[in-house]
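What follows is a short report on a single structure.
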Amino acid sequence: GFVPTSPTSAMASIQTKPTQPLSQRSQKEKVAAAAPGAAPLNGPIDGAKFANQDFVRFLYAPHGPQADAIIATVETSTKLKREQIGYAIGGVVALLLVLSSIAQLICNLVGFGYPAYVSVKAIRSPSKDDDTQWLTYWTVFGFLCVIDFWADSIMGYFPFFYLLKAVFLMYLYLPQTNGAEYLYTKYVDPAVTKFDAWLAKQSAKQQ
């Protein structure tokens, strides 16, 4: 019969590489990530692997006697491991993002929930190291929400728009990928610098 995998045995089979949120990284790592043209500390593929490892670690962590009992019951009744159940739920969400009439709402909830929570914590913290990431994230999030105005037309030609948008937003905000910081360093900051230089040049001409 099916026996739910214990947290100890499940985690022993996973070869994890330590990952840290941006706020917990060393100053040396932050400086390296902020260098002009620097790649993110984890590339998208490695970041996805680390995110999956952290996701499984979270599933097998204690969540209280009642929650653990419910999870164990679901594992027993479905004959699936808890990470498989999580993947199945993720698959359903992905299908809704492609086929559902509420795809836009789901996508915006994916892009809003966790970042909003972490942004509030960042504002409360005395350190400002993570403010750049979340300011960049919300700027990109707002830009993508403007694109939603043409979403119906885009969906007519590209039905995976909301699915890819949700994946991209997760790439931006997950600490394992830290895409927002990379996007800011690689594109946003240089673009604003060039725009400021152009404004200064135009202002000098008018004087």
Side-chain angles (χ1 to χ4, degrees), residues 7 11 14 16-68 71 82-83 86 89-90 93 105-148 164-196:
M11 295 313 303
I14 300 175
T16 60
K17 179 178 179 179
T19 60
Q20 291 179 307
L22 176 63
S23 60
Q24 297 179 4
R25 289 175 181 161
S26 68
Q27 186 62 31
K28 182 178 180 181
E29 290 175 313
K30 293 176 184 176
V31 171
L41 296 178
N42 297 325
I45 296 177
D46 287 339
K49 292 179 181 178
F50 298 153
N52 179 67
Q53 292 169 358
D54 290 343
F55 173 66
V56 175
R57 186 181 296 112
F58 168 78
L59 290 177
Y60 284 97
H63 299 288
Q66 185 174 2
D68 290 341
I71 294 173
R82 59 189 68 183
E83 63 266 32
I89 294 174
V93 173
L105 174 62
I106 296 174
C107 181
N108 288 336
L109 287 175
V110 169
F112 176 79
Y114 174 78
Y117 170 73
V118 180
S119 295
V120 171
K121 294 186 66 176
I123 293 172
R124 291 177 175 177
S125 68
S127 173
K128 300 301 180 183
D129 292 338
D130 48 2
D131 287 1
T132 296
Q133 173 175 351
W134 293 113
L135 179 60
T136 305
Y137 173 80
W138 288 116
T139 301
V140 177
F141 179 83
F143 175 73
L144 292 177
C145 287
V146 171
I147 296 179
D148 283 348
L164 291 184
K165 176 184 172 181
V167 171
F168 179 65
L169 290 173
M170 292 175 66
Y171 162 74
L172 291 179
Y173 70 65
L174 285 176
Q176 294 85 355
T177 53
N178 198 28
E181 184 182 10
Y182 172 71
L183 187 68
Y184 172 82
T185 304
K186 184 71 174 179
Y187 300 105
V188 177
D189 185 57
V192 172
T193 300
K194 292 180 180 179
F195 182 70
D196 286 342

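Index from 1, following the sequence. Bear in mind that the values here come from a model prediction, so they are computed numbers and not experimental data. Both backbone and side-chain heavy atoms feed into the values below; hydrogens, waters and symmetry mates do not.
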Requested in this report: Report yes if the side chains of Pro115 and Trp134 come closer than 4.5 Å at any heavy-atom pair, otherwise no.
Outcome: yes
Query raised in the report: Just by distance, do the side chain of Thr185 and the backbone of Tyr182 share a donor-acceptor pair under 3.5 Å?
Result: no
Query raised in the report: Taking everything shown except Phe112 itself, do over 12 heavy atoms lie less than 6.0 Å from its CZ?
Result: no
Query raised in the report: Quick one: does Leu172's side chain get under 4.5 Å of Leu183's, heavy atoms only?
Result: yes
Query - side-chain hydrogen bond (donor to acceptor under 3.5 Å, both in side chains) pairs, two or more places apart, involving residues 108-123 - result: Asn108-Lys165, Ser119-Trp138
Query raised in the report: Considering only heavy atoms from C-beta outward, does the side chain of Val140 approach that of Phe168 to under 4.5 Å?
Result: yes
Query raised in the report: Hey, what do you get for CG (Asp189) to OG1 (Thr136), rounding to the nearest 0.5 Å?
Result: 9.0 Å
Query - Check: Tyr137 and Leu169 side chains under 4.5 Å, non-hydrogen atoms - result: yes
Report task. Flag the pair Val110 / Met170 as yes when at least one side-chain heavy-atom distance between them is below 4.5 Å, and no otherwise. Result -> yes
Requested in this report: Apply the test side-chain contact (heavy atoms from CB on, under 4.5 Å) to residues Asn178 and Tyr171: give CA-CA distance (whole Å), side-chain angles for both, the deciding distance (0.1 Å), then the verdict.
Outcome: CA-CA 7 Å; Asn178 198 28; Tyr171 162 74; over 6 Å; no
Report task. Taking all heavy atoms of Ala166 and all of Cys107, pick out the closest pair and write down the distance. Result -> N-SG, 3.8 Å
Requested in this report: Report the residues that fulfil ring-ring contact (aromatic ring centres under 6.0 Å, His included) with Phe58, sequence neighbours left out, ordered by chain and then residue number.
Outcome: His63
Query raised in the report: Which value, rounded to the nearest 0.5 Å, describes the distance between Lys49 atom NZ and Gln176 atom CD?
Result: 14.0 Å
Query raised in the report: Atom CZ of Arg82 and atom OH of Tyr60: how far apart are they, to the nearest 0.5 Å?
Result: 5.5 Å
